[in-house]
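Notes for the one structure printed next.
Computed over heavy atoms, backbone and side chain alike; hydrogens, waters and symmetry mates excluded. Computed from a prediction, not measured in an experiment: that's the story for all the values here. Proteins come first, then strands; the chains are lettered A, B, ... in the order of their sequence lines, and each starts at number 1.
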Amino acid sequence: RKEVEQDPGPFNVPEGATVAFNCTYSNSASQSFFWYRQDCRKEPKLLMSVYSSGNEDGRFTAQLNRASQYISLLIRDSKLSDSATYLCVARYNFNKFYFGSGTKLNVKP
Amino acid sequence: EPEVTQTPSHQVTQMGQEVILRCVPISNHLYFYWYRQILGQKVEFLVSFYNNEISEKSEIFDDQFSVERPDGSNFTLKIRSTKLEDSAMYFCASSGPPGTSGVNEQFFGPGTRLTVL
């Protein structure tokens, strides 16, 4: 059973496009959620935490739907530099984190 | 900007040998983690460590693995008898301090690529 599931993509979009990723989690006891980005052969880097009320950071908006157990990430006005793999992460118990397999985004000029 | 560092960047070892991977977390962080990522696969949680003891571990983290904070700055992962399937990128991460939103926000090191021959 996969704790966190994501569409692997790739999502190929032109610069300036809006793109959305979804992620589902299986354990309703999950406490906190995050989006990370990972560039090829690099470490994951925190993009944003996901709050129940939804939150926005510049061009990025994250939403959490606990009833349906999914998290979303919306990227507006895509830049070439947004090309990466986006990882959905759920925290369980005190300090145990499950990563999804990631969704690959390619932003084309 | 403070960062997590890891050494070595690449470790090659023979099957059955012991390896120690080293990490220096961000100095005011109190939560420490090890993850692994097999090439082309997802990041997998191994263990979290707080207050000088393991707080969570995954099914992967069996008796072959151990962690230690030998001094005030280093955090190590030891694999006692490496197997071929231990070949992966191993990431260290840290977060904190406690009582703040930063406790959930992990910062990752650049990783150690372990190759077991």
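Residues B:Leu46 and B:Ile54 share a single hydrophobic cluster, defined by chaining ILVMFWY side chains whose heavy atoms lie under 4.5 Å apart. The hydrophobic cluster containing B:Val24 does not contain B:Ile26, counting ILVMFWY residues as joined when their side-chain heavy atoms lie under 4.5 angstrom apart, directly or transitively. Under the 4.5 Å side-chain heavy-atom criterion for grouping Ile, Leu, Val, Met, Phe, Trp and Tyr, A:Leu47 is not connected to A:Leu74 through any hydrophobic cluster. A:Val89 and A:Tyr25 end up in different hydrophobic clusters when Ile, Leu, Val, Met, Phe, Trp and Tyr side chains are linked at under 4.5 Å. In the hydrophobic clustering of this structure, B:Phe75 does not group with B:Tyr31; members are Ile, Leu, Val, Met, Phe, Trp, Tyr whose side-chain heavy atoms approach within less than 4.5 Å, directly or through other members.
Within the 4.5 angstrom heavy-atom criterion, no atom of B:Glu44 approaches chain A. Residue A:Gln31 does not touch chain B at all, counting heavy-atom pairs closer than 4.5 Å.
Counting non-hydrogen atoms of neighbouring residues, nucleotides and ligands closer than 6.0 angstrom, the OH atom of A:Tyr70 reaches no more than 12 such neighbours. Counting non-hydrogen atoms of neighbouring residues, nucleotides and ligands closer than 6.0 angstrom, the CZ atom of A:Arg59 exceeds 12 such neighbours. For B:Lys83, the NZ atom sits in a packed shell: over 12 heavy atoms of surrounding residues, nucleotides or ligands are nearer than 6.0 Å. Residue B:Asp63 places its CG atom among 12 or fewer non-hydrogen atoms of other residues, nucleotides or ligands, all under 6.0 Å distant.
When the heavy atoms of residues 100-109 of chain A are compared with those of chain B, the residues falling under 4.5 Å are A:Gly100, A:Ser101, listed by number. Using non-hydrogen atoms only and a strict 4.5 Å limit, no part of residues 11-20 of chain B faces chain A.
Among the candidates B:Arg113, B:Glu56, B:Lys57, the residue making the largest number of heavy-atom pairs closer than 4.5 Å to chain A is B:Glu56. For the options B:Ser55, B:Gly111, B:Ala93, heavy-atom pairs under 4.5 Å to chain A are most numerous at B:Ser55.
For B:Glu53, there are no side-chain contact (heavy atoms from CB on, under 4.5 Å) partners, not counting sequence neighbours.
In this structure the side chain of B:Gln6 never reaches within 4.5 angstrom of the side chain of A:Glu43, judged on heavy atoms.
Other members of the cluster containing B:Leu39 do not exist, because no ILVMFWY side chain is joined to it at under 4.5 Å.
The distance from the OG atom of B:Ser58 to the OH atom of A:Tyr98 is 7.0 Å, given to the nearest 0.5 Å. Atom CD of residue B:Gln106 and atom CZ of residue A:Phe34 lie 7.5 Å apart, to the nearest 0.5 angstrom. Atom NZ of A:Lys42 sits about 9.0 Å away from atom CE of B:Met89, to the nearest 0.5 Å. We find the CG-CD distance between A:Leu87 and B:Gln37 to be 7.5 Å, quoted to the nearest 0.5 Å.
Closest of all the heavy-atom pairs between A:Lys96 and B:Glu59 is NZ-OE2, 4.2 Å. In plain terms, the two heavy atoms of B:Glu105 and A:Ser49 that are nearest each other are OE2-OG, 3.7 Å.
Checked options B:Tyr33, B:Phe45, B:Phe49; the residue passing with A:Asn95 is B:Tyr33 (criterion: side chain to side chain contact (heavy atoms under 4.5 Å, CB included)).
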**Prompt:** Does the pair A:Phe99 and B:Tyr35 meet the rule for a ring pair (Phe, Tyr, Trp, His ring centres under 6.0 Å), with working shown?
**Reply:** CA-CA 10 Å; A:Phe99 280 67; B:Tyr35 294 85; 5.3 Å; yes

